[in-house]
Amino acid sequence: MSDASTTPLTIVVLVKHVPDVQFDRHIDQDSLRLDRTESVLSELDEYAVEAALAIVEDNGGFAAGHQVIAATMGSGSSVNSVKKALQMGASSGLHLNDAALAGSDAVATSRALAALVRHVPDADLVITGMASTDAETSVVPAQLAELLGFAQLTHAASVAFDASVRELTVERDHLNQRVTLKAGLPAVLSVTDQANDPRYPNFKGIMAAKKKKIVEVDLAAIGLAAQDVGAEGSTTSVLAAEQRPARPAGTIINDSGEAGIALVDFLAEQKLI
Amino acid sequence: MSSALVFFSDLSAAPGKAQRELLTLASRFQTAVVAAATEISAEARDVIASYGIGTALQAANPGQGFGEHELAVLDAALLQTDADLVLLGNDSFSRELGARIAVRRNAAIVTDVVDVSADLIATKDELAGSYSASAKSTTGVLIAAVKPNSIQDAPAGSAGTVQVKELDLGAEQAPKVSVVGVEEKAVSERPSLGEARVVVAGGRGVDGDFGPLEDLADALGAAIGASRAATDAGWISHDAQVGQTGITVSPQLYISAGISGAIQQKAGMQTSKYIIAVNKDVDAPVFEIADLGIVGDLAKVLPQAAAEIRRRRA
Ligand SMILES: Cc1cc2nc3c(=O)[nH]c(=O)nc-3n(C[C@H](O)[C@H](O)[C@H](O)COP(=O)(O)OP(=O)(O)OC[C@H]3O[C@@H](n4cnc5c(N)ncnc54)[C@H](O)[C@@H]3O)c2cc1C
Ligand SMILES: Nc1ncnc2c1ncn2[C@@H]1O[C@H](COP(=O)(O)O)[C@@H](O)[C@H]1O
């Protein structure tokens, strides 16, 4: 379906700026909030960007008028994750930045992101990662579907879009089944790392991204007040967060032909057999 | 005086291990009610009663849409019971139901929960289990998605009877999502990966042959897990993947064989009680978290261990 008559799609891809999982991550003991220095685009959101670009490319490309808006909510440096998505090929950026957002839980985050999506004229499709690599809740996509009244297609391991009927078909693992689900637009789609192989930004993409527009908005611009988000707008309150002690150093042995027996000795000592 | 609502998508068969753990946790509160999005089987009724829970709500699944019936059941049950604690599974499907109800009813949703205290404080894993955090609801309703293997299963012993009531869902809305295909997966005889007491997991180092792992898993009554390298290679189903984008496990014992221990793999298994790692490379990061590390060839070590277990049992 790549005829030029395809109705243009407006896709919002949600990208989150998160602490790099390759480093030790810490929760500040005064604020009980995650230390967000050394942050990058959440690895799992690259699959969301790729899914959006694939839909556009399969349906006439950006020349057909489609838009892929990379959107994030977070403090100043979060814009770097939007830039990375633009380098991959998203067409423009949207950054919700407001001091009152700090400390938002999942419910407050979803409320803000839903308002951000509503701020985009005629958004047809919201694409997210399966989970953010910091909060790891996988609840935001479902909450967005609820708040926006969109169809919920989450944890998609494969994605197909039929432009002629504007319907998405996805596969998802569910209990002991692999189910195939279908829904029309508007929809919220979350994709797993099975869905595709995210592209790397190439030189051309990096240069092109410099000219792409990133719009920054604050809460007032999207119709929210400070008390809708942050600690006040949240339904959970974190009371404490303690780092687990590192696992005590174990015993390392070299196999000289008897290690299988040593393994069983260990099981017996720990009463595991 | 807290009242708990424990929600199950499916109680048409005998409750499994993780479901029993939820019943145990629910039974600790002043009142506990079960809600199921299927009809509750006779076996399930007996099990519910054995936890001292006397009321259950059910609504048979009309088989339309995906998740929409379950959502309607959870919502109706919460409104009817006015519970201040909702307990559900930590799987992605259950979490999403809880998440939607949280925004719909202004409740708190907390995932990866390992315990809920009498005053409704949830203890949870944070940052892939490297932190333990506690959180509460600020609105009076807490929805907790509870990790399997966190609660010690303990039926209260009072085997009364459970009164099962039909939930009135009103007119269900036309579903937005339709199921257009269902492929049943092969059912394994082994315990399910998320619930198993023992997991034997293999990675790229198994080089296509899970035989030695199957053999050891048989000897231990274990579930089989895998790294993404092994599932991506197609050696084993994606359902076996442990880690950031697979299943998170917290068994008594995790035996890691031919897995280097990348951060995304560790994210799914580092809260295991005991970890044994078998790897040819002494520098493999998995050794940093192993209680017992064996530098050696898994093709030699695992069969020897399996044979030794059988010998000692004979
Ligand atoms: C977005 C994202 C999500 C991911 N999610 C996951 C996830 O959920 N789970 C996951 O596991 N990974 C995940 N990964 C992949 C992860 O980063 C690693 O690439 C992967 O875990 C490596 O698998 P492996 O340890 O089996 O392979 P390798 O890293 O190649 O390690 C193989 C190991 O086997 C050892 N070995 C070889 N032969 C033998 C032998 N005969 N006996 C003993 N040892 C032997 C080697 O010494 C080596 O250490 C993810 C990656 C990304 C980018
Ligand atoms: N602050 C945020 N900004 C942009 N996207 C977000 C944010 N938080 C969550 N998301 C999106 O929601 C997905 C699931 O996040 P979570 O529910 O936190 O695990 C992520 O992969 C993102 O696509």
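Within every chain, numbering begins at 1; the chains are lettered A, B, ... in the order of the sequence lines, protein sequences first and strands thereafter.
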Below 4.5 Å, heavy atoms only, C-beta onward: do [X] and [Y] meet side chain to side chain?
X	Y	result
A/Leu267	B/Ile309	yes
A/Gln270	B/Lys273	no
A/Leu272	B/Val198	no

Inset, instruction - Ignoring hydrogens and angles, tell me if any N or O in the side chain of A/Gln143 forms a donor-acceptor pair with the backbone of B/Ala99 under 3.5 Å. - result: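 Yes: the side chain of A/Gln143 pairs with the backbone of B/Ala99.
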Closest non-hydrogen atom pair, [X] against [Y]:
X	Y	result
B/Tyr131	A/Arg25	CE1-O, 3.6 Å
B/Ala102	A/Val107	CB-CG2, 4.1 Å
B/Leu127	A/Ile27	CD1-CG1, 4.0 Å

Legend entry - Pair B/Gln270-A/Arg244, side-chain donor/acceptor within less than 3.5 Å: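 No, because no side-chain N or O of B/Gln270 sits under 3.5 Å from a partner of the opposite role on A/Arg244.
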Legend entry - Residue part contacting chain B, namely of A/Ser256, when any heavy atom lies under 4.5 Å: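 Contact with chain B involves no heavy atom of A/Ser256 at all.
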Inset, instruction - Could you look at A/Gln194 and say if it's the side chain, the backbone, both or neither that has a heavy atom under 4.5 Å from chain B? - result: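 For A/Gln194, the side chain is the part near chain B, not the backbone.
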Inset, instruction - Would you mind checking if B/Glu183 and A/Arg178 are paired as a salt bridge, meaning a charged N to carboxylate O distance below 4.0 Å? - result: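 Looking at A/Arg178 and B/Glu183, the cut-off is not met.
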Legend entry - Residues A/Asp255, B/Lys280: salt bridge by 4.0 Å N-O rule: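 So A/Asp255 does not pair with B/Lys280 through a salt bridge.
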Legend entry - Distance, nearest 0.5 Å, that separates CD of B/Glu308 from CD of A/Glu258: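 Those atoms lie 9.0 Å apart.
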Inset, instruction - Heavy atoms only, distances under 4.5 angstrom: which of B/Asp232, B/Asp10, B/Asp91, B/Leu253 has the most pairs with chain A? Name it, please. - result: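 Answer, by heavy-atom pair count under 4.5 Å with chain A: B/Leu253.
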Hey, can you pull the donor-acceptor pairs under 3.5 Å for the side chains in residues 286-300 of chain B, sequence neighbours left out?
residue, atom, partner, partner atom, Å
B/Asp291, OD2, A/Arg247, NH2, 3.0
B/Asp291, OD2, B/Ile275, N, 2.7
B/Asp297, OD1, B/Ala299, N, 2.9

